[in-house]
Amino acid sequence: MAKSKYQAPRGTFDVLPEAARARARVERAAAAVFARAGYEPVATPVFEDTELFERGVGHSTDIVRKEMFTFEDKGGRSLTLRPEGTAPICRAYVEHGMHKLAQPVKLSYVGPFFRHERPQAGRYRQFHQLGVECIGADSPLADAEAIGLLADLLAELGVPGVELRLGSLGSFEARQAYLEELRAHLRANEGELSKDVRERIDANPLRAFDSDDEGTQGVMASAPRLVDRLEGEDAEHFEEVRSLLDAAGIAYEIDTTLVRGLDYYTRTIFSFVCDRLGAQSEIGGGGRYDGLVEQLGGPPTPATGWAAGIERILLALGEEELETGDAADHHVFVASDDAAELRPRTIAILGELRHAGLTAQTDLAGRGLKGQLKHADRIGATHVVILEQGGSAQLRDMESGEQRSIELGSVVAEVTGGEA
Ligand code: AMP
């Protein structure tokens, strides 16, 4: 490998063609799952006003406190590379008056996201998520349907060893009494908590459940659990999400310690984990966020959604899956023994083949005919059209090695056997 002075920045990576094919396959599968459920694709900018994330994701979260790529533009405005997709989509929902459309508005997205985290396997500073948001529905059916989409996608892709964990945070109001109880428990055991958790007892006590600090974990083992404190409509909602998942045949584990790294969640939260992944075991997750649209200036609007990491999906699928590209049915290499003179005909035939939907390539490196055939084999051509002086041509089937004369006017039909 040639050593360059320049390298991809820490925590980022280049997607080379083989990996790009595996990604495209994941994205195509997701697009099909989303479309079948009536989720329509949207795209928002890669950067937003910093305040959107501070307000939306929450001041006390790790994302906002430590992980944002924030910069000033030339007008002195503070902008941030998006660390997540839900706040931007809710911003777009409000900005474009989507609450006036028939509800819910069901949206999907895919793209790069940025968090200044400590890089490790499955954790990057630029990563890619795909996800859905169902905005304007408070029904437990919306939660169960959204969860089902991620279950379907992972099953369709054949991701092994997946487990769904389910929890509920209750509504904001109902949560307050529990949070006081939790704070009291944390304060009573303050000496054993990590500094990070201790500092956030007031602002974000739930995060203590997520700590990898041993002392904190000990304290949390005996902490009161929110799921046990759910009442009224919160309890009913959770109960119904569970029975709908049962009805859909989607297996899950109730996880009473489940929390998420973003502040906007209410009621349902969930996480798909995979035992093939190491420390970063979550493939995707999400939940309900009934307060976010209103917090961003829209009308009170219930909503639910999730995001999954494309890199984590690919890691869980393993190397062998990464290599399964989509071999085109027909991949034609147009060869000739006199490139210069036959170039006009070469480019015309390439066009004809490609317009008919076939993959078609030619030699761009000045190889001799023998070298061209070798190259065609190397790049996976199924057929080689060999142009000859005087307008005749041969068609070689690369699998059988058979070669015969063909009419140039019917090259597409000759290659496809009349199917294209
Ligand atoms: P979150 O937006 O934090 O709920 O994360 C949703 C999903 O995005 C996770 O389950 C991961 O699959 C993926 N993800 C989050 N952060 C990263 C990261 N730094 N690197 C790679 N994937 C990530």
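These numbers were taken from a predicted model, which means no experiment stands behind them. Both ligands and their constituent atoms are indexed starting at 1 by order of listing.
Of all protein heavy atoms, the one closest to atom 20 (N) of ligand 1 is Tyr124 N, 3.0 Å. Scanning the protein for heavy atoms near atom 11 (C) of ligand 1, the closest one is Arg312 NH1, 3.3 Å. Scanning all protein heavy atoms for the shortest distance to atom 13 (C) of ligand 1 gives Gly309 CA, 3.7 Å. For atom 21 (C) of ligand 1, the closest non-hydrogen atom of the protein is Gly122 O, 3.2 Å. Looking only at protein heavy atoms, the nearest one to atom 6 (C) of ligand 1 is Gln129 NE2, 3.3 Å.
Separation of atoms OH (Tyr252) and CG (Asp246) is listed at 3.5 Å; rounding is to 0.5 Å.
The closest donor-acceptor contact from the side chain of Glu27 to the backbone of Ile310 lies at 3.5 Å or more, if one exists at all.
Near Gly284, meaning under 4.0 Å from one of its heavy atoms, ligand 1 places the atoms 10 (O). Atoms of ligand 1 found under 4.0 Å from any heavy atom of Ala307 (numbered from 1 in listed order, with element): 6 (C), 7 (C).
Residue Glu311 has no N or O atom closer than 3.5 Å to an N or O atom of ligand 1. Polar contact with ligand 1: absent for Ala308 (N/O pair, distance under 3.5 Å).
Salt bridge present: Asp196 and Arg65 bring a charged side-chain N and a carboxylate O closer than 4.0 Å. Contact check on Arg242 versus Asp143 returns no salt bridge, with no Lys/Arg side-chain nitrogen under 4.0 Å from an Asp/Glu carboxylate oxygen.
A heavy-atom distance below 4.5 Å is not found between the side chains of Val110 and Gln129.
Shown are Arg288, Glu84, Arg55; of these, the side chain to side chain contact (heavy atoms under 4.5 Å, CB included) with Tyr264 is made only by Glu84. No option in Thr86, Ile89, Leu292 other than Ile89 meets the side chain to side chain contact (heavy atoms under 4.5 Å, CB included) test with Ile135.
Heavy atoms of Phe127 found under 4.0 angstrom from ligand 1 belong exclusively to the side chain. For Arg260, every heavy-atom contact with ligand 1 shorter than 4.0 Å involves the side chain, none the backbone. Proximity of Glu117 to ligand 1, defined as any heavy-atom pair under 4.0 Å, is confined to the side chain (atoms from C-beta onward). Contacts between Ile283 and ligand 1, counted as non-hydrogen atom pairs separated by less than 4.0 Å, involve the backbone only.
Checked by atom type, the side-chain pair Thr12/Gln126 shows no donor-acceptor distance below 3.5 Å.
With atom 3 (O) of ligand 1 as the reference point, the heavy atom nearest to it among Glu282, Glu84, Arg115 is part of Arg115.
In plain terms, the two heavy atoms of Arg225 and Met220 that are nearest each other are NH2-O, 3.2 Å.
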